[in-house]
Each structure stands twice: as structure tokens, then as C-alpha cells.
J.: 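Mind looking over this structure? Questions follow.
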Amino acid sequence: MNRPVRTRTDPDEMRARILAVADEQFRRLGTHKTSVADIASELGMSTANVYRFFPSKGAIIESVCGRVVNEVAGIASAIACTSAPAPEKLDQLLTAMHHHSKTTLVKERRMHEVIVAAMQNNCAIIKAHTERVVTILEAIIREGIQTREFKVEDPVEAARAVKTAFTPFFHPILIEHRLRHGEDDEAGLREQIRFILKGLGKSD
């Protein structure tokens with residue numbers, strides 16, 4: 001007698017399904033009101049089964065956050081690959097990253113909270129994202145040095161300095177602080193980018 005063949009769900013596919021549901025729940029209810037049991041229930045599986053793919057709720061939060069930061073890194077990479085002059089690319093990249101973070105804060109408040117939670121927990125994925133952004137900045141600065149649009153000697157050091165100088169407009173908690181205190185965010189953004197470009201040796 002032939003028995004029906006049982007097919008196993010691919011682990012990567014199962015992880016993707018869990019993250020899709022977690023993403024939806026986090027956006028709708030927030031991380032604090034979403035439990036692993038809630039995610040499991042939505043998927044029609046046991047909580048223990050979810051833990052087979054993710055060791056903790058924190059791991060799920062980190063992975064969902066990874067989806068968001070990968071989107072930001074993708075935007076940065078796309079700008080870096082354009083044929084625009086290096087100063088223009090750097091301006092566009094910093095502006096786009098800031099606007100993405102601000103839009104997430106204003107329009108997707110609960111996803112903003114996911115990112116903040118991941119940053120406060122020093123998640124590896126946040127550290128990797130920051131390093132990826134610095135690498136993209138370095139490539140643009142190196143290009144600007146080659147075209148003599150920037151006048152710095154060490155592109156690695158300069159990229160880290162740019163990241164530090166732009167932190168008030170890059171870090172979600174600091175962006176929230178600026179908005180709460182009614183600071184002119186766009187004016188401050190333009191001023192800071194001009195400061196960064198001048199620091200790299202670009203003249204007005």
C-alpha cells in the first residue's frame with residue numbers, strides 16, 4: 001500500500017513566513033503587544049515550533065528590523081552607483097537616509113519602535129548596517145578624491161567622520177528628539193550637509 005509522501009516546509013521559507021507575520025503584527029500592534037504566541041497562532045503552529053526557527057522574540061525583532069535597514073542600504077547603494085558627481089551623490093544619499101528614517105517615524109510609528117529597540121539592544125544587524133553605510137560613504141568619498149572634488153587624504157577616516165557628523169539626522173531616537181522639540185529639521189539637515197561637504201574640502 002502506497003503511503004502519501006509528506007513534504008517538509010523549507011526552513012528558509014518557514015522563517016520568511018514567520019517574519020512576514022511578525023512584521024505585520026509589529027506594524028499593527030507594536031512589539032510590546034505582540035508575543036511569540038500571537039505570531040504562532042496567526043501561522044497556525046505552536047509557539048515551540050516558532051522557537052525552532054528563532055531562539056527568542058528579540059531575534060525575531062532583529063530580523064524584522066533587518067528588512068527595514070536593508071531597504072535603507074539598498075537606497076544608499078543605488079544612489080552611490082549613479083553617474084552624478086561625488087558631492088551630489090553624498091548630498092542625495094544623506095538626504096534620502098534622513099527622509100527614510102523620518103518617514104518611518106511619522107507614518108510607521110510602530111516600525112520606528114522596532115528599529116529603536118534593535119538599536120538599544122546593540123543588535124548585530126544594526127552594527128552591520130552601520131558598517132555597510134560607512135563603506136558606501138567611503139566609496140563616494142574615494143571617488144570624490146580621485147576627481148579632485150574632495151580634498152581629504154584618508155577616505156576611511158573621512159567616511160567615519162561623516163557618519164559621526166550626520167548621526168543627529170541618522171539615528172531614529174535623535175530624529176524623534178528634534179521633531180518633538182520643534183526644531184526646523186529640513187533647515188538643519190541642509191546646514192549639516194553643507195558643513196560635511198565643506199569638511200571634505202568642497203568649496204561653495
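For the numbers below, each heavy atom of this structure counts, side chains included, while hydrogens, waters and symmetry mates do not. These figures come from a predicted structure and were not determined experimentally.
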J.: Measure the CZ-CD distance between Arg110 and Gln25 for me, rounded to the nearest 0.5 Å.
T.: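 CD of Gln25 is found 11.5 Å from CZ of Arg110.
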J.: Quick one: closest heavy-atom pair of Ile60 and Leu19, and the distance?
T.: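 Looks like O-CD2, 4.0 Å.
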J.: Taking Glu113 for its side chain and Gly30 for its backbone only, find out whether a donor-acceptor pair lies under 3.5 Å.
T.: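 Judged by distance alone, no pair lies under 3.5 Å.
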J.: Are Val64 and Met111 side-chain neighbours, meaning at least one heavy-atom pair lies under 4.5 Å?
T.: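 Yes, their side chains come closer than 4.5 Å.
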J.: Going through the distances and angles, do His99 and Glu186 end up as a side chain to side chain donor-acceptor pair (under 3.5 Å)?
T.: CA-CA 9 Å; His99 284 165; Glu186 288 302 312; 2.9 Å; yes
J.: From Arg142 CZ over to Asp154 CG, what is the distance, rounded to the nearest 0.5 angstrom?
T.: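 If I round to the nearest 0.5 Å, the distance is 8.0 Å.
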J.: List the atom pairs, with distances to 0.1 Å, where a side-chain N or O of residues 69-84 and a protein N or O form a donor-acceptor pair under 3.5 Å, not counting sequence neighbours.
T.:
unit_1	atom_1	unit_2	atom_2	d
Asn70	ND2	Gly66	O	3.1
Glu71	OE2	His100	NE2	3.1
Ser77	OG	Ala73	O	3.0
Thr82	OG1	Ile79	O	2.8

J.: In terms of hydrophobic clusters joined by side-chain contacts under 4.5 Å, are Val68 and Ile125 together?
T.: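 Yes; Ile125 is reachable from Val68 via cluster members.
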J.: Taking atom CD of Glu191 as the centre, does the number of heavy atoms from other residues, nucleotides or ligands within less than 6.0 Å exceed 12?
T.: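 No, not enclosed.
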J.: Using modelled atom types only, decide if a donor and an acceptor are shared between the side chain of His171 and the backbone of Thr167 within a distance under 3.5 Å.
T.: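 Judged by distance alone, no pair lies under 3.5 Å.
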J.: CZ/Phe166 to CG/Leu137 distance, rounded to the nearest 0.5 angstrom?
T.: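 It is 9.5 Å, given to the nearest 0.5 Å.
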J.: Find out if a path of hydrophobic residues (ILVMFWY) with successive side-chain heavy-atom gaps under 4.5 Å connects Ile61 to Val116.
T.: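 Result: no, two separate clusters.
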J.: Rounded at 0.5 Å granularity, tell me how far CD in Glu157 sits from CZ in Arg160.
T.: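 If we round to the nearest 0.5 Å, Glu157:CD and Arg160:CZ are 10.5 Å apart.
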J.: When rounded to the nearest 0.5 angstrom, what distance separates CD in Gln192 from CZ in Phe169?
T.: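 Here the rounded value is 5.5 Å.
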J.: In the structure I gave you, are the side-chain heavy atoms of Lys151 and Lys202 within less than 4.5 Å of one another anywhere?
T.: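 Of all side-chain heavy-atom pairs linking Lys202 with Lys151, none is under 4.5 Å.
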J.: Does any non-hydrogen side-chain atom of Pro11 lie less than 4.5 Å from one of Arg15?
T.: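 Side-chain contact under 4.5 Å: yes.
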J.: Mind listing the side-chain donor-acceptor pairs of residues 39-55 below 3.5 Å, one per line with the distance, residues two or more places apart or on another chain?
T.:
unit_1	atom_1	unit_2	atom_2	d
Ser46	OG	Asn49	N	3.1
Asn49	OD1	Arg52	NH1	2.6

J.: Any donor-acceptor pair under 3.5 Å linking the side chain of Asp23 with the backbone of Ala20?
T.: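 No; zero donor-acceptor contacts below 3.5 Å.
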J.: Which heavy atom of Glu149 sits nearest a heavy atom of Pro85, and at what distance?
T.: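 Minimum heavy-atom contact is OE2-CB, 3.3 Å.
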J.: Do any N or O atoms from the side chain of Lys198 and from the backbone of Ile193 form a donor-acceptor pair under 3.5 angstrom?
T.: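 No, because the side chain of Lys198 does not come within donor-acceptor range (under 3.5 Å) of the backbone of Ile193.
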J.: Please tell me whether Ile141 and Val134 are part of a single hydrophobic cluster in this structure, the criterion being side-chain heavy atoms less than 4.5 Å apart.
T.: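 Result: no, two separate clusters.
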J.: What's the verdict on side chain to side chain donor-acceptor pair (under 3.5 Å) for Arg190 and Thr95, showing C-alpha distance, side-chain angles and the deciding distance?
T.: CA-CA 8 Å; Arg190 301 316 313 160; Thr95 300; 3.0 Å; yes
J.: Check whether any side-chain heavy atom of Lys163 sits under 4.5 Å from a side-chain heavy atom of Val133, and report yes or no.
T.: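 With C-beta onward as the side chain, the pair stays apart.
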J.: Is there side-chain contact between Met97 and Leu93, with at least one heavy-atom pair below 4.5 Å?
T.: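 Yes - at least one pair of side-chain heavy atoms lies under 4.5 Å apart.
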J.: Check the pair His181, Glu176 against side-chain contact (heavy atoms from CB on, under 4.5 Å), reporting the backbone distance first and the verdict last.
T.: CA-CA 9 Å; His181 288 79; Glu176 183 175 4; over 6 Å; no
J.: Determine whether Asp38 and Val21 satisfy the following criterion, side-chain contact (heavy atoms from CB on, under 4.5 Å), listing intermediate values before the conclusion.
T.: CA-CA 10 Å; Asp38 294 329; Val21 169; over 6 Å; no
J.: Does any non-hydrogen side-chain atom of Ile145 lie less than 4.5 Å from one of Pro155?
T.: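 Yes - at least one pair of side-chain heavy atoms lies under 4.5 Å apart.
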J.: So, Lys57 side chain and Thr31 main chain: donor-acceptor pair closer than 3.5 Å or not?
T.: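 Present.
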J.: For atom CZ of Arg148, decide whether the heavy atoms of other residues, nucleotides or ligands shown that lie under 6.0 angstrom number more than 12.
T.: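 It does not: Arg148 CZ has 12 such atoms or fewer within range.
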J.: Look up atom CD1 in Ile18 and atom CD in Glu13, then write down how far apart they are to the nearest 0.5 Å.
T.: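 Separation between the atoms: 11.0 Å.
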